[in-house]
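Since the structure comes first, as structure tokens, the remarks are kept for the end.
Chain letters run A, B, ... following the sequence lines, proteins first and then strands; every chain starts at 1. Everything numeric here is computed off the predicted structure, so don't read it as measured data.
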Amino acid sequence: MANVGLHTLRKEERLCSRKALEELFSGSHQSVSAFPLRAVYMANEVGLTRIMVSVSKRYFKRAVKRNRIKRQIREAYRLQKDLLQPLNGGLDIAFLWTSNEELPTEKVFQKVQTILQRIHENVESVV
RNA sequence: GCAGUGAACCGGCUUGUCGCUGCUUGGAUAUGCCCCCUCGAAGGGCAUUUCCAGGGAGAGGAAAGUCCGGGCAACACAGGGCAUCUCGCUUCCUAACAGGAAGAGGUCCGAAAGGGUCAGUAAGUGCAGAAGAAAAGAACCGCCUCAUUCGUGAGGUAAGGGUGAGAAGGCGAGGCAAGAGCUCACCAGGUCGGCAGUGAUGUCGAUGCUGUGCACUCCGAGAGUUGAAAGUUCAUGUAAACCGGCGAACACAAAGAGAGGGCGGCCCGCUCGAGCUGGAGGGUAGAACGAUAGAGGGCAGUGGUGACACUGUUCGUAGAUAAAUGGCAAGCAACCCUUUCGAGGGUGACAGAACCCGGCUUACAGGUUCGCUGACUUU
RNA sequence: GGUGCGGUAGUUCAGAUGGUUAGGUUAGAAUACUAGCCUGUCACGCUAGGGGUCGCGAGUUCGAGCCUCGUCCGCACCG
């Protein structure tokens with residue numbers, strides 16, 4: 001596989017197939033949470049870690065706020081995804097926001113960090 | 001200046017750094033085809049994959065609500081009648097509209113500028129709770145006349161009373177037994193005629209013609225249905241496959257019959273017609289087109305009171321698809337607060353394209369420009 | 001993105017195609033709630049009572065839960 005730069009987030013690194021999403025949510029997935037963020041993940045056969053971000057209309061009615069949170073999470077993942085680097089094999093991760101309050105960017109950054117660390121630990125221990 | 005009011009417009013800017021989605025230029029890499037060549041390599045061309053470097057573009061005035069109107073697409077479509085829905089002061093603008101412009105009338109708010117709101121139909125039909133005598137061919141009390149057994153009875157009368165959203169257009173005078181458009185003046189409205197205006201309407205004259213509201217009716221104009229998840233192509237898939245019900249034809253010809261469908265909902269009439277319908281299932285969850293040059297914007301001129309139209313010139317302006325247009329930091333302008341006048345602190349709204357336009361409506365920090373008004377108060 | 005439906009007592013729903021100002025009373029039902037009766041007690045049953053900005057704001061009308069417009073929520077459908 002082509003070596004993907006450290007701090008990039010291209011289309012290949014995003015989950016955008018309907019089928020993959022159905023597998024992720026219906027199949028045997030594991031989850032980690034650091035309120036207000038929750039991550040659902042499972043191993044995939046692609047060999048590349050792919051993510052998606054979801055902010056429900058339930059918590060934020062206006063699209064502007066939803067977009068902002070999604071951008072914060074994406075940015076936090078982009079800059080910290082090397083925390084998962086030692087793992088071989090790909091993961092599919094879905095980040096879900098479960099609060100109706102916005103947080104400053106540093107906080108989101110920390111939450112994503114703890115989640116990535118926990119995912120790393122869990123996957124290591126299973127292997 | 002201040003206050004009010006109407007209209008038009010703006011909706012931050014700059015830099016650094018790390019990213020995202022298209023486009024584009026150059027280079028590298030791999031694959032396929034072609035040229036060259038006896039063949040291969042090297043070389044050249046085209047297409048595609050991946051990578052690297054550079055360049056350039058990337059949310060709104062409402063992108064929103066989806067309330068109207070169109071373009072566009074698919075399907076449907078001889079015709080007539082009935083029904084349904086929408087619009088409704090006038091003239092104009094427009095692709096079209098329930099939108100806009102200019103104008104006319106009533107009514108409400110305002111001191112004014114100005115703003116809100118209403119509506120076709122004095123031709124017909126029906127209805128109008130409670131209250132009230134009575135809700136439209138009106139007599140309860142009252143008033144007047146006559147009769148009277150003095151209890152009241154017969155008749156006339158819409159001036160007064162109370163009820164009500166609405167009580168026979170209002171008000172004054174004459175008139176009368178008492179009254180009444182019964183007669184007259186003035187006022188409000190209608191009808192007819194003259195004049196002005198394209199017209200709504202205004203005005204002058206004539207005419208006693210005159211209750212309120214709603215619904216239907218009537219008049220004029222319009223409406224095929226669906227909605228880009230429309231639809232077209234490719235890929236994948238045994239999918240016109242299986243079971244039940246109804247049905248023609250096959251079964252001489254003609255006539256007749258014919259399940260079921262189409263002609264907007266119904267009827268007439270016309271027409272298609274060998275399939276129609278119920279059950280139980282299978283596959284896809286991908287790609288491309290649609291899809292970004294359009295009733296486009298700016299400027300100038302001409303016509304028009306204006307919406308707008310025409311002519312010339314100029315500009316290039318998002319195209320994503322589990323859905324990009326961003327994160328962080330600094331500075332500058334703007335506003336607010338504090339101030340020792342050096343500065344310090346704070347605020348920054350409403351809101352995110354999803355085929356595209358024209359409107360309407362709703363949300364909105366703050367700011368700019370122009371016009372109009374000036375009662376109280378102030379210079 | 002588009003299309004359609006709904007919002008009425010604490011809860012589940014009726015009602016709706018305009019009908020009652022004053023007076024002693026009113027927008028209903030079921031269930032739930034409160035009180036009383038019944039019973040030795042509870043339940044069942046019976047009787048009475050409270051509880052409503054008809055999602056919100058305007059308009060039309062003499063009068064709006066209903067008609068019209070705006071607005072806020074909730075739900076369903078599409079290939």
Complementary nucleotide for B:G352 - Watson-Crick or wobble, under 3.5 Å: none
Common cluster, A:I73/A:L79, ILVMFWY with side-chain heavy-atom separation under 4.5 Å: no
Glycosidic class, syn or anti, of B:G367 using a 90° window around 0: anti
Closest to side chain of A:N67, choosing from B:U325, B:G352, B:G326: B:G352
Base-pairing mate for B:A177 - Watson-Crick or G-U, with both contacts under 3.5 Å: none
Gap between atoms CG and C1', on A:L96 and B:A322 respectively (whole Å): 12 Å
Verify same cluster id: A:V123, A:L84 (apolar side-chain graph, 4.5 Å): yes
Given B:C18, B:U325, B:A351, the nucleotide with the shortest approach to the side chain of A:L79: B:C18
Nearest to side-chain heavy atoms of A:K61, which nucleotide of B:G352, B:C18, C:C73: C:C73
side-chain N/O A:R71 vs B:G327 OP1/OP2, d < 4.0 Å: no
Touch class at under 4.0 angstrom, heavy-atom based, for A:R66 against every strand present: nothing
Nucleotide B:A322, atom P - distance to CD1 of A:I69 in whole Å: 21 Å
N-glycosidic conformation, B:A59 - syn within 90 degrees of 0, else anti: syn
Nearest-angstrom distance from the residue atom CZ of A:R62 to C1' of B:G352: 12 Å
Complement of B:G22, any strand, by Watson-Crick or G-U distances under 3.5 angstrom: none
Side-chain-base donor-acceptor pair under 3.5 Å for A:Q72 and B:G327: no
Short side-chain N/O contact to B:C328 OP1/OP2 from A:T105, under 4.0 Å: yes
Whole-Å distance separating the CD atom of A:E106 from the C1' atom of B:A329: 12 Å
Short side-chain N/O contact to B:A351 OP1/OP2 from A:K65, under 4.0 Å: no
Under 3.5 Å: donor-acceptor pair, side chain of A:S33, backbone of A:F35: no
Paired nucleotide for B:C89 [Watson-Crick or G-U wobble; both distances under 3.5 Å]: B:G103
Between C1' of B:G327 and NZ of A:K107, the distance in whole Å: 19 Å
Any-strand Watson-Crick or G-U partner of C:U47, both distances under 3.5 Å: C:A35
B:G6 - base-pair partner by Watson-Crick or wobble geometry, distances under 3.5 Å: B:C370
Side chain A:E75, main chain A:R71, donor-acceptor under 3.5 Å: no
Whole-angstrom distance between B:A167 and B:A128, as gauged at atom C1': 14 Å
For B:A293, glycosidic torsion class - syn if within 90° of 0, otherwise anti: syn
Anti/syn call for B:G151, syn if |chi| within 90°: syn
Sugar-phosphate only, base, or nothing, as touched by A:K70 at under 4.0 Å among non-hydrogen atoms: nothing
Closest to side chain of A:R74, choosing from C:C73, B:G326, B:U325: B:U325
Nearest-neighbour nucleotide for the A:R68 side chain, B:G19, B:A351, B:C328 considered: B:C328
Value in whole Å for how far the P atom of B:C20 lies from OH of A:Y77: 13 Å
N/O donor-acceptor pair under 3.5 Å between A:T98 side chain and A:P36 backbone: yes
Close side-chain approach of A:V53 and A:W97, heavy atoms under 4.5 Å: no
Identity of whatever pairs with B:A188 - Watson-Crick or G-U, under 3.5 angstrom: B:U210
Identity of whatever pairs with B:C36 - Watson-Crick or G-U, under 3.5 angstrom: none
A:K57 NZ - C:C72 C1' separation (whole Å): 15 Å
Assigned glycosidic conformation for B:G61 [threshold 90° from 0]: syn
A:L91 side, atom CG; A:I51 side, atom CD1 - distance, nearest 0.5 Å: 12.0 Å
